[in-house]
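Report on the structure given below.
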There are 2 protein chains.
Amino acid sequence: MTPPTPLHLSLAGQAVDVLREQVLTGEIPPGSRVNEVEVAQKLGISRGPLREAIRHLASEGLLTLVPHRGAFVPDADADEVKALFELRTALECAAAELAASRRTDMDLVRLHEVCAASRRDYKTGQPFPYRLDLAFHQTLIEAARSPRIAEQVRLVQQRVVLLRSALADDPPHQHASMDDHDELVKAIADGDAAKASIVMRRHLSRVCAQMMMSMSH
Amino acid sequence: MTPPTPLHLSLAGQAVDVLREQVLTGEIPPGSRVNEVEVAQKLGISRGPLREAIRHLASEGLLTLVPHRGAFVPDADADEVKALFELRTALECAAAELAASRRTDMDLVRLHEVCAASRRDYKTGQPFPYRLDLAFHQTLIEAARSPRIAEQVRLVQQRVVLLRSALADDPPHQHASMDDHDELVKAIADGDAAKASIVMRRHLSRVCAQMMMSMSH
DNA sequence: AAACTGCCAACTGTCGACAGTTGACAACTC
DNA sequence: GAGTTGTCAACTGTCGACAGTTGGCAGTTT
């Protein structure tokens, strides 16, 4: 069962998954400290693998390490949101451009499908309005076929999710976002890299502005 | 002395610095494995801190982890170079745009200084032709004032340095690069974000092409 | 001779314990 | 009473040792 199970994933790897989940869902709230011995006991593992998991999540930006003090879940901060979205804009605009020139017909099918699902969920008032937004951006970077950019986009989006959990913000201007997505898909379908980049930039700047709003109450 | 010196930097932190140096200089050649016990003994530390150092460098892309096999210095690979430069282009073009709108007069002084020093070193035939190239891009991203982008650029440039060490390539088209740099500084001085981005893209595509050349012999 | 099988050494993954540092509380001084 | 200093518990940083896995080599079979 659980004691000696290094058969598919190391204890450190499992700890990474569990901790990531707990951090992203806000189960471990922003600003709080992660106690090594306490969490290790709770997970039923030793401090060694847990430390590795903590360092790994720190390298992803989901934890901040303070020497001799431990690991903390980073707090939401206006400057941080701004800096993060500058990075996200650089990466996703480039991804949009690449997607416009590299997308296959299958990519277009997937993108249309996600957009349609978004509107379906929106009408029926589904519980996780961000799920399909994430899926859309995920599908887009796959269409860009640039593994290193994709890797970084995933990390940045993860941090955005963390910020959102700290904000607990209300349903966003989802309608505007969905319109952006549609326009983005059209530009990509047309192979119009320049337009795809511009639309993406506008889209992200809108999302960023909205997050800044819900931060300052 | 050396045995108990956690006064300024942890053993893991010191190990990171030493290992990074050895990997980047090719002292530990690409493709080779990093033996935990062996290196730990050589550094005079235990396996714990060394493991943390290895994982850290792996998160920077300077090592590749294989479960139950250990850490390896990644090999040079054409696809990898291409993917890496797509990421670098996305990041540095964005940085160039931001620098064009945010640079201070002091930034311009520094950029001009680096360019002048490059030409000076070039004429006298200095040993490290890449040193000032790195310094230029470093100065540029500082002028962009976007901490997250700067962070990622640094990591990508580090990986490029690693690739170069694996290539052991000859003096590059340094003259063309210096011209690019001058043109870049001019665009940034003029506040012309669009041109800065275009010049940067051309510059990086040239550098990338050159690396691909020296790979395929 | 080639291919398969079983064994073995080397190494990674994990654990429990010790040492050093940090922040906080309490006692003391002015 | 406010500020300072001494003490202490809690936690991180580090270490050495054990267990499980991997790749290779020797021996065997066809």
Side-chain angles (χ1 to χ4, degrees), chain A residues 1-20 22-23 28-75, chain B residues 1-20 22-23 28-75:
Chain A
M1 311 304 187
T2 42
T5 316
L7 293 174
H8 260 300
L9 197 57
S10 68
L11 292 183
Q14 294 176 269
V16 166
D17 291 342
V18 174
L19 270 185
R20 180 168 20 225
Q22 293 186 347
V23 169
I28 303 179
S32 67
R33 202 166 67 89
V34 176
N35 187 316
E36 289 186 1
V37 296
E38 180 186 332
V39 175
Q41 284 182 353
K42 197 164 294 181
L43 295 182
I45 64 177
S46 164
R47 278 180 58 214
L50 179 64
R51 276 175 71 90
E52 286 186 7
I54 289 175
R55 304 304 164 114
H56 185 90
L57 291 177
S59 80
E60 291 186 1
L62 261 45
L63 291 175
T64 9
L65 261 38
V66 181
H68 295 286
R69 299 271 356 246
F72 297 79
V73 181
D75 254 326
Chain B
M1 315 306 188
T2 40
T5 315
L7 292 172
H8 259 301
L9 196 56
S10 68
L11 292 182
Q14 293 176 268
V16 166
D17 291 342
V18 174
L19 270 185
R20 189 186 349 244
Q22 293 186 347
V23 170
I28 303 178
S32 68
R33 202 165 67 89
V34 176
N35 186 315
E36 290 187 0
V37 296
E38 180 186 332
V39 175
Q41 284 182 354
K42 197 164 293 182
L43 296 182
I45 63 176
S46 165
R47 278 181 58 213
L50 178 63
R51 278 176 69 91
E52 287 186 7
I54 289 175
R55 304 304 164 114
H56 186 89
L57 291 177
S59 80
E60 291 186 2
L62 262 45
L63 291 176
T64 333
L65 261 39
V66 181
H68 295 287
R69 299 269 356 243
F72 297 79
V73 181
D75 255 326

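Here the structure is a predicted model, which is why all the values come from computation and not from measurement. So you know, we letter chains A, B, ... as the sequences are listed, proteins then strands, and number each from 1.
B:Q14 has its CD atom 13 Å from the C1' atom of D:dT14, to the nearest Å. Protein atom CG of B:L50 is 14 Å distant from nucleotide atom C1' of C:dG13, rounded to whole Å. Following rounding to the nearest Å, A:E52 (CD) and C:dC15 (C1') show an atom-to-atom distance of 13 Å. Between A:I54 atom CD1 and D:dT12 atom C1' the separation is 10 Å, expressed in whole Å. Look at CG on A:L9: it is 15 Å from C1' on C:dT12, rounded to the nearest Å. Per the geometry, CZ belonging to B:R47 stands 13 Å off P belonging to D:dC18, to the nearest Å. A:H68 has its NE2 atom 7 Å from the P atom of C:dT21, to the nearest Å. Per the geometry, CZ belonging to B:F72 stands 14 Å off P belonging to D:dT22, to the nearest Å.
Every side-chain contact (heavy atoms from CB on, under 4.5 Å) that A:P30 has, sequence neighbours left out, goes to A:V73, A:D75, A:A166. Listed by chain and number, the residues in a side-chain contact (heavy atoms from CB on, under 4.5 Å) with B:N35 are B:R33, B:V37, B:E38 (sequence neighbours excluded).
When the side-chain nitrogen and oxygen atoms of B:R51 are compared with OP1 and OP2 of C:dT12, none of them lie within a distance under 4.0 Å. Residue B:R69 has no polar side-chain atom (N or O) positioned under 4.0 Å from OP1 or OP2 of D:dG24. Taking only side-chain nitrogens and oxygens, B:R55 comes nearer than 4.0 Å to OP1 or OP2 of C:dG13.
Counting heavy atoms from C-beta outward, A:V23 and A:V34 have side chains that stay 4.5 Å or more apart. Counting only heavy atoms from C-beta outward, the side chains of A:L50 and A:L19 approach each other to under 4.5 Å.
For residues 42-53 of chain A, every residue pair satisfying the side chain to side chain donor-acceptor pair (under 3.5 Å) rule, not counting sequence neighbours, is listed here: A:E36-A:R47, A:E36-A:R51, A:R51-B:E52, A:E52-B:R51, A:E52-B:R55.
Of the residues in residues 56-66 of chain B, none lies under 4.0 Å from DNA chain D by heavy-atom distance. Scanning residues 30-41 of chain A for heavy-atom distances under 4.0 Å to DNA chain C yields an empty list.
Nucleic acid contact for A:G70: sugar-phosphate only, since backbone atoms but no base atoms lie under 4.0 Å from a heavy atom of the residue.
We find the CG-CD distance between B:L57 and B:Q22 to be 10.5 Å, quoted to the nearest 0.5 Å.
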Distance-only donor-acceptor pairs under 3.5 Å for side chains of residues 58-66 of chain A, two or more places apart:
{"residue": "A:S59", "atom": "OG", "partner": "A:H56", "partner atom": "O", "Å": "2.6"}
{"residue": "A:E60", "atom": "OE1", "partner": "A:R20", "partner atom": "NH1", "Å": "2.6"}
{"residue": "A:E60", "atom": "OE1", "partner": "A:Q158", "partner atom": "NE2", "Å": "2.8"}
{"residue": "A:E60", "atom": "OE2", "partner": "A:R20", "partner atom": "NH1", "Å": "2.8"}
{"residue": "A:E60", "atom": "OE2", "partner": "A:H56", "partner atom": "NE2", "Å": "3.2"}
{"residue": "A:T64", "atom": "OG1", "partner": "A:F72", "partner atom": "O", "Å": "3.1"}

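Checked against C:dC15, D:dC18, C:dA17, the side chain of A:L11 finds its nearest nucleotide in C:dC15.
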